[in-house]
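Read the structure below first, then the notes.
First the proteins, then the strands, lettered A, B, ... as listed; each starts at 1. Scope of the values below: all heavy atoms of this structure, side chains included, with no hydrogens, waters or symmetry mates. Not measured: the values here are computed from a predicted model.
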Amino acid sequence: MDEDLKLVSEVLNGNMDSFNIMVNKYGIPVLRFIYNMVKNKEAAEDISQEVFITVYNKLYTYKNSYKFSSWLFQIARNKSIDYIRKYRQVYESNIEDILNVESRDESHEQTVEYRETKKMIEKFINSLDEYDRQILILKYSSKDMTFLDISQILNMNESSVKRRYYRARDEFKNQMSVRERGVHNGL
Amino acid sequence: MDCDLFRKTLNDFMEDNLPFDIKKAMEKHMEECEACRLLYEKEKITDEMLYDYMQAEDIEFTNIRPNIISSIEKDRYKNNIFNKVYYAFGEAWQNMWLQQLLLLF
């Protein structure tokens, strides 16, 4: 039996240790995904807690026709969207959330470059259409997320997910090339 | 393998979504063709940049597990007959009730 399905069945039989394992396994990927959606640390932590409480309370409604992780991320996505709608959040990192990157063992130039690259990626992600933005966030928030998983989470067909993903990625590569040319030309 | 086929297959190669022999042919082609190797490296850097960004490693998240565990009703799925009946038939019963209601209108 699939590891997640085993955990689900154990939790539904009253085993709290299995729920702890579930939270340990998916806590960080869900937090990361929600943080990338809402760009606020406290909000991401609160929403993630709500997600796992909902998962626990509604676990008996989960149907194993698709992956448990897709169901979990679908709940995380819906709760993030509710938050964004409620607060009309602009997805920019809160500067107070970010650790002092100067303390890393890197030169001043590397730190400046790191910040600029991050800013460039953030600007690019924010310029995307809402679905494209969510597709990229899902694809890169955890390494084993497949196009099929994303299509289930977003309730979209797999070929549309792929088409949108590759189009957004091509646009990102174009912007990177323009930036590189600018650096080479001393702009 | 030629450059044209390499370019067409590159997305699947990046997704590790190819049969073993095609994967090997792609790797062999990259050893021989610098332009295709550079193309692959550009894809790899793109993946790494986006992945690193989404990891949000400069954010120190608080451990959310204690709050979750203290907020849930731990006996919710305790193995008693009432819970078994409720979670096995509760939803089905609600759906049936809804169907009956809809039929009335």
Ion pair A/D82/A/K86, N-O distance below 4.0 Å: no
Salt bridge present between A/K139 and B/E15 (N-O < 4.0 angstrom): yes
Positive for side chain to side chain contact (heavy atoms under 4.5 Å, CB included) with B/F13, one of B/T9, B/L10, B/D16: B/L10
Quick one: what part of [X] sits under 4.5 Å from any heavy atom of chain B, side chain, backbone, both or neither?
X      : value
A/K143 : both
A/N15  : neither
A/I125 : side chain
A/T146 : neither
A/F33  : neither

Between B/Q55 and A/Y140: side-chain donor-acceptor atoms closer than 3.5 Å: no
Side chains of A/Q74 and A/Y66, donor plus acceptor under 3.5 Å: yes
Contact summary for B/I69 and A/M16, nearest pair of heavy atoms: CD1-CE, 4.4 Å
Closest approach of A/R133 to A/N36 (non-hydrogen atoms, all atoms of both residues): NH1-O, 3.6 Å
Heavy-atom proximity to chain A below 4.5 Å, by part of B/L50: both
Which portion of B/N11 sits near chain A, non-hydrogen atoms under 4.5 angstrom: both
Heavy-atom pairs under 4.5 Å with chain B: which of [options] has the most?
options                : answer
A/F19, A/Y56, A/F52    : A/Y56
A/R169, A/K173, A/M176 : A/R169
A/V23, A/D46, A/T117   : A/V23
A/S142, A/S141, A/G27  : A/S141

Most chain A-contacting option - heavy-atom pairs closer than 4.5 Å, from B/N63, B/D52, B/I64, B/N17: B/I64
From CA spacing to verdict: salt bridge (Lys or Arg N to Asp or Glu O under 4.0 Å), A/K6, A/E3: CA-CA 5 Å; A/K6 193 168 170 267; A/E3 191 196 325; over 6 Å; no
A/K41 charged N/C atom sitting above A/Y35 aromatic ring, 6.0 Å / 45°: no
Value rounded to 0.5 Å, distance of CD1 in B/I59 from CG in A/N40: 9.5 Å
Partner residues of A/S160 under the side chain to side chain donor-acceptor pair (under 3.5 Å) criterion, sequence neighbours left out: A/N157
Positions in residues 34-47 of chain B that reach chain A, provided some heavy atom is under 4.5 Å away: B/K42, B/E43, B/T46, B/D47
A/F124 ring center within less than 6.0 Å of A/F172 ring center: yes
